[in-house]
*Asks:* 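I am attaching a structure below and will ask some questions about it afterwards.
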Amino acid sequence: MGRLFLVNLDGKVYSCKHCQTHLALCEEIVSKSFHCRHGKAYLFNKVVNVTMGLKEDRMMMTGMHTVSDIFCVGCGSIVGWKYEAAHEKNQKYKEGKFILERYMVAGPDGSQYLANLDSHVGGSDADDA
């Protein structure tokens, strides 16, 4: 395997909870009102140090979306997904944006979010949509 080059971010950073690899800056947050299997999730304009899985269609609370899971390049943990396409017109704003699951990342202050065992097990999406 080749040499791993990581992007180190300056400022308030969200990072992988397993290996502390930087993933995103606070100022890239679009919305904090999303939910996933494990509880809260945040929508970001830009993330770094991730690889993308295969595109797949998923039915979410706000309709059908084409998404790719995203994985931390430091340890390979799944940290969220990228919205590749939204099939509903009013969901198009998500295209090209990223979800980081709070359960999988450490906050800028080092805080970690504990999984909400009562969360909706099905799809995942914004609660305000």
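Positions are given from 1 along the sequence.
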*Asks:* Applying side-chain contact (heavy atoms from CB on, under 4.5 Å), can you list everything that pairs with Lys82, at least two apart in sequence or on another chain?
*Replies:*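 In terms of side-chain contact (heavy atoms from CB on, under 4.5 Å), with neighbours along the sequence ignored, Lys82 is linked to Met52, Ile70, Glu84, Phe98.
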*Asks:* I need the minimum non-hydrogen distance between Pro108 and Cys26, along with the two atoms involved.
*Replies:* CG-SG, 3.2 Å
*Asks:* How does the hydrophobic cluster around Phe71 look, that is, which other residues are in it when side-chain heavy atoms under 4.5 Å mark a link?
*Replies:*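 ILVMFWY cluster around Phe71 also holds Ile78.
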*Asks:* Does the side chain of Trp81 reach to within under 4.5 Å of the side chain of Cys36, using non-hydrogen atoms?
*Replies:*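 Side chain of Trp81 against side chain of Cys36, heavy atoms only: contact under 4.5 Å found.
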*Asks:* What pairs with Lys46 under salt bridge (Lys or Arg N to Asp or Glu O under 4.0 Å), at least two apart in sequence or on another chain?
*Replies:*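 Per chain and number, Lys46 pairs via salt bridge (Lys or Arg N to Asp or Glu O under 4.0 Å) with no residue.
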*Asks:* Can you name the side chain to side chain donor-acceptor pair (under 3.5 Å) partners of Thr51, sequence neighbours left out?
*Replies:* none
*Asks:* Would you check if the side chain of His65 reaches a backbone N or O of Gly63 as a donor-acceptor pair within less than 3.5 Å?
*Replies:*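 A pair under 3.5 Å: yes.
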*Asks:* Residues two or more places apart in sequence or in another chain: which of them pass side chain to side chain donor-acceptor pair (under 3.5 Å) with Asp57?
*Replies:* Thr66
*Asks:* Quick one: list whatever passes side-chain contact (heavy atoms from CB on, under 4.5 Å) with His18, sequence neighbours left out.
*Replies:* Cys16, Cys75, Ser77, Met104
*Asks:* Considering residues at least two apart in sequence or located in another chain, which fulfil the ring-ring contact (aromatic ring centres under 6.0 Å, His included) criterion with Tyr14?
*Replies:*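 Scan of Tyr14 (ring-ring contact (aromatic ring centres under 6.0 Å, His included), adjacent residues dropped) gives Tyr42, Phe44.
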*Asks:* Could you check whether any side-chain heavy atom of Met60 comes within less than 4.5 Å of a side-chain heavy atom of Phe34, counting everything from C-beta outward?
*Replies:* no
*Asks:* Counting N and O atoms only, with roles assigned by atom type, does the side chain of Lys97 sit under 3.5 Å from a partner on the main chain of Tyr83, one being a donor and the other an acceptor?
*Replies:*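 Flag not set: sc Lys97 to bb Tyr83 has no pair under 3.5 Å.
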*Asks:* Could you give the distance from NE2 (His87) to CD (Glu95), rounded to the nearest 0.5 Å?
*Replies:*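 His87 NE2 to Glu95 CD: 8.5 Å, rounded to 0.5 Å.
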*Asks:* Identify the two heavy atoms, one from Val47 and one from Ala24, that lie closest to each other, and give their separation to 0.1 Å.
*Replies:*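 Closest heavy-atom pair between Val47 and Ala24: CG1-CB, 4.0 Å.
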*Asks:* What's the shortest heavy-atom distance between Gly74 and Thr21, and which atoms?
*Replies:*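 Closest pair (atom of Gly74, atom of Thr21, distance): CA-OG1, 3.7 Å.
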*Asks:* CG of Asn90: more than 12 outside heavy atoms within 6.0 angstrom?
*Replies:*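 It does: Asn90 CG has more than 12 such atoms within range.
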*Asks:* Is there a chain of hydrophobic side chains (I, L, V, M, F, W, Y, each step under 4.5 Å between heavy atoms) that links Val7 to Leu23?
*Replies:*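 No; Leu23 is not reachable from Val7 via cluster members.
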*Asks:* Short question: side chain of Asn49, backbone of His22 - any donor-acceptor pair under 3.5 Å?
*Replies:* yes
*Asks:* Who passes salt bridge (Lys or Arg N to Asp or Glu O under 4.0 Å) against Glu56, sequence neighbours left out?
*Replies:* Arg58
*Asks:* Kindly compute the distance separating CD1 (Ile99) from NZ (Lys40), expressed to the nearest 0.5 Å.
*Replies:*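 Going from CD1 on Ile99 over to NZ on Lys40, the span is 13.0 Å.
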*Asks:* Measuring from atom CG of Leu9 to atom CD of Glu27, what distance do you get when rounded to the nearest 0.5 angstrom?
*Replies:* 9.0 Å
*Asks:* Only counting residues at least two apart or in another chain, list the ones meeting salt bridge (Lys or Arg N to Asp or Glu O under 4.0 Å) with Glu88.
*Replies:* none
*Asks:* Spell out, yes or no, whether Val48 and Leu25 are grouped together once hydrophobic residues are joined by side-chain heavy atoms under 4.5 Å, including indirect joins.
*Replies:*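 The answer is yes; both residues are in one hydrophobic cluster.
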*Asks:* Suppose we screen for side chain to side chain donor-acceptor pair (under 3.5 Å). Which residues come up paired with Ser15, at least two apart in sequence or across chains?
*Replies:*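 Ser15: no side chain to side chain donor-acceptor pair (under 3.5 Å) contacts found.
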*Asks:* Supply the members, apart from Phe5, of the Ile/Leu/Val/Met/Phe/Trp/Tyr cluster built from side-chain contacts under 4.5 Å; use none for a lone residue.
*Replies:*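 Hydrophobic cluster check, Phe5: no partners found.
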*Asks:* For the CG atom of Leu100 and the CD1 atom of Ile29, what is their distance to the nearest 0.5 Å?
*Replies:*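 That separation rounds to 8.5 Å.
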*Asks:* Does any non-hydrogen side-chain atom of Lys55 lie less than 4.5 Å from one of Val67?
*Replies:* no
*Asks:* Who are the side chain to side chain donor-acceptor pair (under 3.5 Å) partners of Lys32, not counting sequence neighbours?
*Replies:* none
